[in-house]
**Q** 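One structure coming up, written as structure tokens, with questions to follow.
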There are 4 protein chains.
Amino acid sequence: MARQSKSKGRTLTSKGRQRRSQILSYATVRFASDGYHPTSVADIVGGLGVGKGVFYWYFESKEQLFLEILRDAQKDLRRYQRDSIADLTDPIERIEAGIRAGVIWMADNPELRRLFEFARSEDTFARSMKVGEATLISDAAEHLRIAIDAGRIPCRDPEALAHGIFGVTNQLTMAYIDHGDGDPAEVADLVVSICRNGFAGLSDQLTGDSNSADVIVNPAWSRTV
Amino acid sequence: MARQSKSKGRTLTSKGRQRRSQILSYATVRFASDGYHPTSVADIVGGLGVGKGVFYWYFESKEQLFLEILRDAQKDLRRYQRDSIADLTDPIERIEAGIRAGVIWMADNPELRRLFEFARSEDTFARSMKVGEATLISDAAEHLRIAIDAGRIPCRDPEALAHGIFGVTNQLTMAYIDHGDGDPAEVADLVVSICRNGFAGLSDQLTGDSNSADVIVNPAWSRTV
Amino acid sequence: MARQSKSKGRTLTSKGRQRRSQILSYATVRFASDGYHPTSVADIVGGLGVGKGVFYWYFESKEQLFLEILRDAQKDLRRYQRDSIADLTDPIERIEAGIRAGVIWMADNPELRRLFEFARSEDTFARSMKVGEATLISDAAEHLRIAIDAGRIPCRDPEALAHGIFGVTNQLTMAYIDHGDGDPAEVADLVVSICRNGFAGLSDQLTGDSNSADVIVNPAWSRTV
Amino acid sequence: MARQSKSKGRTLTSKGRQRRSQILSYATVRFASDGYHPTSVADIVGGLGVGKGVFYWYFESKEQLFLEILRDAQKDLRRYQRDSIADLTDPIERIEAGIRAGVIWMADNPELRRLFEFARSEDTFARSMKVGEATLISDAAEHLRIAIDAGRIPCRDPEALAHGIFGVTNQLTMAYIDHGDGDPAEVADLVVSICRNGFAGLSDQLTGDSNSADVIVNPAWSRTV
DNA sequence: AATGAATGAGTCTTCATTCAT
DNA sequence: AATGAATGAAGACTCATTCAT
């Protein structure tokens, strides 16, 4: 009767599925706060007040559990970004909305951002990470390519740009949200602004209020380069 | 005779100092390739073909060793960036040279970049990382502030810009050097270009060959934003 | 309606009895192929595609199940040997037929032979094995005693001879049937021949075709002994 | 300085080598008395009053330790048999001496005989056993072949005979020495006698004191077969 | 300075068994 | 009769660290 959910090829009841996701989410929190290695299976089941066997009823191993967390998180982030740009047709708007969605998602899921960071640093998980990351990058790159083709932004390697956006998003989210107390929406603005203009490009103030695009950005710059 | 060097409050001979740094660098390699936790002290001494006592003669603990690696690496990166901009006086040039130095250093020390990534993800080491990172960020921010004050780049929060630069450098180095086979100098160019202009700013081609700054970057952009 | 069958003091329906013997025979296969200890109850019920409760509905414990397998197998072997000699009256013929039956049964039940071997090696089961084995041995010894009393074979401790037969049967079955691909009937001939004559006795060829029993077996032998 | 002994590729001091063989022999006893699986590593180190790590300092795993015990035992048995027949030149005498040596060795090492029995019953170890067993069998078969070629015993497959001898030795040793209190030398006589003559051949009394080989062994036999 | 030996708490994982449904 | 859930003791093995020599 119960709907099925894959877990060691087992058939889970609804109570079982509940338990499973309880473990999943509690483990996520612990991994994020203490680190993957320092968090033992005993910590997880202990924190949940259940027997040790429960863990292995639902998961094959600590490693598989972690990989599942990672996969789910990457899927969720991607879905969130997709949903956030679904209604937009203008490529530039889509890019911006995607960036904002990325920041918001990371602000909403600081544990997962941290887990990503760890996962990238260890071979066992790096492989799995690269797949999901590549998807995210190529999603973004695709939008950039469209914008370039449409002559909306200057021609540059869209994949490199996507990486740049990714890097800025990551770093500023960490600095101002995880380690600071920045407002996600404002941080998103900041990220968009930096991604769009770089440090030498138009400042927000300039772009914001001016249609006098003839205010040459920084004549100084072109001379010094 | 031998000059002295502190280690666990011990006085080392020159041979001792050699041993010590041998351990230091071998551990770095192992930590980077296998991860900090998965690398045991036994792995380290075993790989070096020495007894276990050696490790504890020179280091207080595995954790202290790692912290030392981290501190040394951050110091080295900072020194390298300083040296790279020492001869330059123009703030914009200094910023660029700093970015380039960052990319080159990371290309030269991929293990350390990876270690940084891990260290940030675990509380025990995150604290230590933040200090060094903050220094790097504030170094860059200072140069940006000077450039802004001099009217050379548009006014924006210099610290945020510095974070952005940091994020782009990290991400592109990882993508194109650690996980790819990009040429460090070219990647450095790419990073500089993206940091300077963002995705919507001037492309390299435009800035490079043109004095016609009147080529308005992207009129479309201002309309859509 | 259904006839009754005891199991854990329970009354089983015919379907229940079927389940029970299904478990019994599947467990036998697994125990034989993987070993008793390495085979878990989970392996058994998993392989059968049923829930864990089923096992404990029909059996008190893994150990009891194994003991039952052992007992059943020993009973079956004994019954098979009895049936095989039922029609024979000549003591020598009975002995030979018993040997042949032993080889055939073991060829037909290689898993059980293996289980016997394990069971003898572990105290928990050795006790149970000895009882059944003693029965087999004394069955054979009885026939040997009769043959000796009848002057049909030379006087020797019949129990020792029975053990000898048992050992030869076991070893040759294992070597040529379990681990080889010998034909059971031929192996049975071989076992009979070796049991009858030993290595220094008459060869099959000699006994087979000769009524010249005066062909003294090996005069050399008596000299060298 | 210390001589070397392979153990996880480690260099052992003489104290270390002592510890290693202490573990080896204590484990042998425990495995034999309680069974391989029921004996935990904790039991072994506990019984020796040392820390758990000691075990893994000297052995890679419980399984490797067991394999080493097995290998050593097989080697020892073989050496013992070789030494026991070294001075003999007559093939028949060599065979007999080999049988006797086998019985004596097993009487002296009942634990090892038991371990052999278990090892044969589990796939993990069966492979390793077969190698050593095959050597023993082919050693014996070679002597039998020589005796056959010399016309000293009737022509029969020497390998099959060797298996027969092996089976008889095993079974009678177990029955009369391990589970009984037979005198090893007498049991050896018994085994030799059974191996030589089978149940239908000359009894020892007959062969021993008689040159009247004309006492036709068992005229009855040839008639009944 | 350096070695091999030793420790023992702690890791992940398994498993026979019980139980509510 | 049968299921999935749960237990928790126990298993093999690891590892940072200490110590006698």
Side-chain angles (χ1 to χ4, degrees), chain A residues 1-2 7 10-20 37-45 50-63, chain B residues 10 12-13 15-16 19-20 37-45 49-63 65, chain C residues 10 12-13 15-16 19-20 37-45 49-63 65, chain D residues 1-2 7 10-20 37-45 49-63 65:
Chain A
M1 298 306 135
S7 137
R10 250 193 257 291
T11 303
L12 300 179
T13 63
S14 86
K15 196 181 152 212
R17 262 173 289 130
Q18 237 173 289
R19 181 65 100 201
R20 195 171 192 277
H37 288 294
T39 303
S40 70
V41 173
D43 288 337
I44 296 171
V45 295
V50 298
K52 212 166 277 192
V54 169
F55 184 93
Y56 290 94
W57 178 260
Y58 294 103
F59 300 96
E60 262 183 24
S61 66
K62 190 186 164 187
E63 190 178 319
Chain B
R10 250 194 267 288
L12 301 177
T13 65
K15 200 181 144 215
R19 247 291 129 83
R20 195 170 191 280
H37 288 294
T39 303
S40 69
V41 173
D43 288 336
I44 296 170
V45 295
V50 299
K52 225 167 247 191
V54 171
F55 185 94
Y56 289 93
W57 180 260
Y58 294 104
F59 300 95
E60 254 177 34
S61 67
K62 190 185 165 190
E63 191 178 319
L65 162 70
Chain C
R10 250 193 266 289
L12 300 178
T13 65
K15 199 181 144 217
R19 246 293 131 83
R20 195 169 191 281
H37 288 294
T39 303
S40 69
V41 173
D43 288 336
I44 296 170
V45 296
V50 300
K52 225 167 248 194
V54 171
F55 185 94
Y56 288 93
W57 180 258
Y58 293 104
F59 299 95
E60 254 178 33
S61 67
K62 190 186 165 189
E63 192 179 317
L65 161 70
Chain D
M1 300 307 136
S7 138
R10 249 193 260 292
T11 303
L12 301 179
T13 62
S14 86
K15 197 181 152 211
R17 263 172 289 131
Q18 238 173 289
R19 181 65 99 199
R20 194 171 193 276
H37 288 294
T39 303
S40 71
V41 172
D43 288 337
I44 296 170
V45 295
V50 299
K52 210 167 280 190
V54 170
F55 184 94
Y56 291 95
W57 179 259
Y58 296 102
F59 300 96
E60 263 183 23
S61 65
K62 190 186 163 186
E63 190 179 319
L65 161 68

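In what follows, every chain begins at residue 1, and chains take the letters A, B, ... in the order their sequences are listed.
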**Q** So, is C:Thr13 near the phosphate of F:dA1, with a side-chain N or O under 4.0 Å from OP1 or OP2?
**A** yes
**Q** Under 4.0 Å between a side-chain N/O of A:Trp57 and OP1 or OP2 of F:dA5, yes or no?
**A** yes
**Q** From NZ of B:Lys62 over to C1' of F:dT18, roughly how many Å is that when rounded to an integer?
**A** 17 Å
**Q** Remember a base hit wins even if backbone is also touched, and classify D:Val54 as base, sugar-phosphate or nothing at under 4.0 Å, heavy atoms.
**A** base
**Q** Tell me the interatomic distance from B:Arg19, atom CZ, to E:dT3, atom P, rounded to whole angstroms.
**A** 6 Å
**Q** Mapping C:Asp43 and A:Thr39 onto DNA chain E by nearest heavy atom, which one lands closer to the 5' end?
**A** A:Thr39
**Q** Write out the stems for DNA chain E, ordered by first number and formatted as range with range, counting runs of at least 3 consecutive Watson-Crick or G-U wobble pairs under 3.5 Å.
**A** E:2-21 with F:2-21
**Q** Output the rounded distance in Å from OH (D:Tyr56) to P (E:dG4).
**A** 22 Å
**Q** Please figure out whether A:Gly51 or D:Glu63 has its closest DNA chain F nucleotide nearer the 5' end.
**A** A:Gly51
**Q** Output yes when a side-chain donor or acceptor of D:Lys62 lies under 3.5 Å from a complementary backbone atom of D:Thr39, and no otherwise.
**A** yes
**Q** Roughly, in whole Å, what's the span from CD in B:Glu60 to P in F:dT17?
**A** 10 Å
**Q** What's the CZ-C1' distance between B:Phe55 and F:dA16, to the nearest Å?
**A** 9 Å
**Q** Rounded to the nearest 0.5 Å, what's the gap from OG on A:Ser14 to CZ on A:Arg19? Could you check?
**A** 12.5 Å
**Q** Measuring from A:Arg10:CZ to A:Trp57:CH2, what's the distance to the nearest 0.5 Å?
**A** 4.0 Å
**Q** So which one's nearest nucleotide on DNA chain F is more toward 5', D:His37 or A:Gly16?
**A** A:Gly16
**Q** Indicate whether OP1 or OP2 belonging to E:dG4 is found under 4.0 Å from a side-chain N or O atom of D:Tyr58.
**A** no
